[in-house]
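It should be emphasised that the depicted structure is a prediction, and the values quoted were computed from it without experimental measurement.
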Amino acid sequence: WKYACQKFGEIECYYYRRNDTTNEECVANTDAVVEYWLNEGIQGVAMRPPCNKVPNYGANLLRDLMAQGIPVVVFDSQTLMDNSTAYIGTNQEFLGRTMARLLRQLRPEGGIYAMVGRKEGRDTAFINEIERYNHLDDRPHWHEVQGNYTLVENPHTDGRAPGGYVGVMDRAARLRPDAMIFFKQSPMKISNYTDFVDYYRSDGKETTYIGTDGEDFQLSYLNRRYVDGLVGQLPFEMGSRSVQVLYDLLTTGELEERIINTNIVAFNLIPLELPTANVDENTLDGLEWVGYSCFGVVAISVIACVSWTVLFRKALVVQVAQPFFLIMIALGVLILSSSLVPLSFDDSGDPQPMSNTWAVGVCMSIPWLAFVGFTVAFSALFSKTWRINRTYRAKRRVQFAVRDVLMPFILLVSSNILVLAVWTKMDPLTYVRQEHEGTDYWNRAISTYGSCRSDDAVLYLVPLAVLNFSVIVTACWQALEARDIKSEFGETRYITLAVSSLFQAFVTGVPVIVVVRDEPIAYYLLLSFMIFLLCMVLLWLIFLPKMIMQRKYAGMSDEEQRRHLAKSMIHQPSTVEHFPADELESSDKHIAYRSGDSRTSSAQYVRQSHADLQEQESAPPAQAMGYSEFSPTPRALTEDGDEFGPYEGEPGESSERVHTEESTVAGEQGPHSDKTLSFVGGPPAVSELSRVNGLASVDETLTTENTEINDKLNEENVNGAKDGVETDQEKN
């Protein structure tokens, strides 16, 4: 108060400290001082509520002063806060909570406590704070001692209990509490306070004493261990702020806030040996077996699928599915799932014994295994679907070698390896143990977690994510393109399901993983189950349908299997799409053949009259085409792993190509003799060639069983059209 008055300089301040001992003296002295101030023409008053034991005295005094236009600031006690212009002092609830935190700091193991000199606000806040973790099994618990040691109905009046504060303290100490809390300064002012402490410490019971305020005699007790902690108000701040508030009211007439809380100060002894820190290390604590078990299940499944593929490699079902790509998918799934092993690493809360090489190896092996395995598996899916689409959509003879379909795989794997190698060299992921925010009362970490960290990991994860996400998108597109390809052995539906599953997991799972990145257990379990489910879905959607189909075909001969397969791929009669006669004169039309949902169009325009086309449609399919059903794309399945290929000869003949046979229509010279008739997706039936040229039908056996004759006839058709010298009979 005096310091602030001197700082402002232009104001005159009065100060009075009461030294009365009775209620009558308090009232008389206060009235005399206030009357003197009024006679001096004071313009503001700051006071601690006077004569609290005299009912309504303080409230009436403040109302009289404010009725005369004099602002009154109350400090230290909130009892008359509603009757004043402003209140300056400690937030009593905050002080009570701070006392509880100080006790938890000094006695982190918990226990029972007793309260002396209870004060409204402080005691309630203390109880709420010290017992806030009692519902948690993993946190220390605090409870008040059982028994009525105050012997009064209202505990806030324990100063009037039998024996006063000394009696309350003695009765509480006999209940053997672990801590005794003084919410007022008065209990520590009694003359024999130190004797009390010495007496109850002599029997070996270590009781922690925490008091309020920090006057000199209390700090002396703290130095001599008669009190273990003090939480005090700042009287200096109360006095200086009171002057500031009154000055602002007189000069500006404005008050920013009516309740002004001051800071508090805590005093405590720091022991030479701090209490044992209770640190949550967030270890997996046995959960690492979840990752190991998931990897074991995937590994056993991969071994079973690869063994089945090798065992039945001669079976038509496996040949159709292309064993090379099946093994490639299984290998990719195994590599991807093996990332669960380093992911399950746990340092048990102590990373010190770990070398830098081991710390980098554990962390960098996760992206290496995950991204490479993912690329291998989905490159195989992409290549399979791409090969199917190329086979069915081709308009001319196309030769597919294994190296052709492996080019996307080589490109994608090389790109991933390049990014991963640069990442490993420049800024590798390293295993470290980090601290969560928050410390205990001795500024020690209360929670740590192990994680793989890199300064610029985003610079490498973004290109890897974009690269592999593009694989998913491209594979989805290829599966979408192949959606109309129907056959009993068709696997586009299962490939689509597998690709769609991964796409969904990628879009929904990655954001969740990012959110729980700093929650080790949740992050580990989520990532482990995500990898496990993706591996199992991918593996069994590709292999399980083939295993079921293989059992179905196991009792058939090779010829029956091929005939059944061919029939399944010609599951609907075809129709010939034709155009009106007047439109047939234009050169941009095609004759289209449909079989089920698949459609291919001839590459050349066949100029025929409308009547000829109608006659062609009316002809029986067997007579017109030389096949049991009218289909543009009868396909054969080969032993070298082609899933789809043209039916070009005897069963078992290998061919990795789709061709278009274009035969020049020869024979009678006429307005249509300079056009070519194109058959797409399979060898043209000789009977169809003969019928279009007005020739007799050729025996069906030539078209279905004798590839060499078909090829020769096709070649002769072309040569005959060029030379124009062979007769129709010779060609027939």
Side-chain angles (χ1 to χ4, degrees), residues 295 298-339 368-391 400-417 420 467-468 470-472 474-476 478-479 482 489-503 531 534-547 549-550 637-645 654 656:
F295 170 69
V298 175
I300 293 173
S301 300
V302 168
I303 294 173
C305 292
V306 172
S307 301
W308 176 85
T309 303
V310 174
L311 182 63
F312 295 100
R313 64 187 180 277
K314 296 296 185 180
L316 183 61
V317 174
V318 179
Q319 293 179 18
V320 170
Q322 307 165 86
F324 175 79
F325 288 111
L326 291 179
I327 295 176
M328 187 173 169
I329 291 172
L331 178 63
V333 168
L334 182 62
I335 297 174
L336 175 59
S337 65
S338 62
S339 62
W368 272 95
L369 294 172
F371 284 111
V372 172
F374 171 87
T375 304
V376 170
F378 270 81
S379 295
L381 287 179
F382 166 79
S383 299
K384 283 171 66 68
T385 316
W386 174 77
R387 188 177 187 181
I388 294 171
N389 285 327
R390 287 291 304 274
T391 301
F400 289 102
V402 173
R403 63 177 178 272
D404 296 329
V405 295
L406 285 181
M407 285 305 298
F409 161 74
I410 296 173
L411 179 62
L412 290 170
V413 172
S414 300
S415 301
N416 277 273
I417 291 177
L420 289 168
L467 182 65
N468 289 279
S470 64
V471 175
I472 300 177
T474 307
C476 287
Q478 289 293 331
F489 286 179
E491 59 182 357
T492 55
R493 184 179 73 175
Y494 304 109
I495 294 176
T496 303
L497 286 174
V499 173
S500 301
S501 298
L502 186 88
F503 181 81
I531 294 174
L534 289 177
C535 291
M536 296 302 291
V537 167
L538 178 59
L539 195 65
W540 290 113
L541 277 178
I542 298 301
F543 281 89
L544 189 59
K546 295 172 178 55
M547 293 179 178
M549 189 64 65
Q550 189 274 331
L637 305 175
T638 62
E639 295 181 356
D640 63 349
D642 284 356
E643 180 175 359
F644 299 102
S654 174
E656 291 184 336

Which heavy atom of [X] sits nearest a heavy atom of [Y], and at what distance?
| X | Y | value |
| --- | --- | --- |
| Met328 | Val376 | O-CG1, 3.4 Å |
| Ala330 | Leu539 | CA-CD1, 4.2 Å |
| Val318 | Arg313 | CG1-CA, 3.9 Å |
| Gln319 | Lys314 | NE2-O, 2.7 Å |

Tell me every residue that passes side chain to side chain contact (heavy atoms under 4.5 Å, CB included) with [X], counting only those two or more places apart in sequence or in another chain.
| X | value |
| --- | --- |
| Leu544 | Trp540, Ile548 |
| Ala370 | Leu336, Ser339 |
| Ser307 | Ile303 |

Can you list everything that forms a ring pair (Phe, Tyr, Trp, His ring centres under 6.0 Å) with Phe374? Sequence neighbours excluded, please.
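With sequence neighbours excluded, Phe374 shows a ring pair (Phe, Tyr, Trp, His ring centres under 6.0 Å) to Phe378, given in chain and number order.
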Among Leu326, Val306, Val333, which residue satisfies the side-chain contact (heavy atoms from CB on, under 4.5 Å) criterion with Phe543?
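Between Phe543 and the candidates, side-chain contact (heavy atoms from CB on, under 4.5 Å) is satisfied uniquely by Leu326.
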What pairs with Thr375 under side chain to side chain donor-acceptor pair (under 3.5 Å), at least two apart in sequence or on another chain?
Asn416, Asn468
With sequence neighbours excluded, residues passing side chain to side chain donor-acceptor pair (under 3.5 Å) with Trp368
Thr424
Could you go through the side-chain contact (heavy atoms from CB on, under 4.5 Å) check for Phe295 and Ile300 one step at a time?
CA-CA 9 Å; Phe295 170 69; Ile300 293 173; over 6 Å; no
With rounding to the nearest 0.5 Å, note down the distance linking [atom1] in [X] to [atom2] in [Y].
| X | Y | atom1 | atom2 | result |
| --- | --- | --- | --- | --- |
| Met547 | Thr309 | CE | OG1 | 6.5 Å |
| Cys305 | Leu331 | SG | CG | 13.0 Å |
| Leu538 | Ser337 | CG | OG | 11.0 Å |

With side chains defined as the heavy atoms from C-beta onward, is the minimum distance between Lys546 and Phe312 less than 4.5 Å?
no
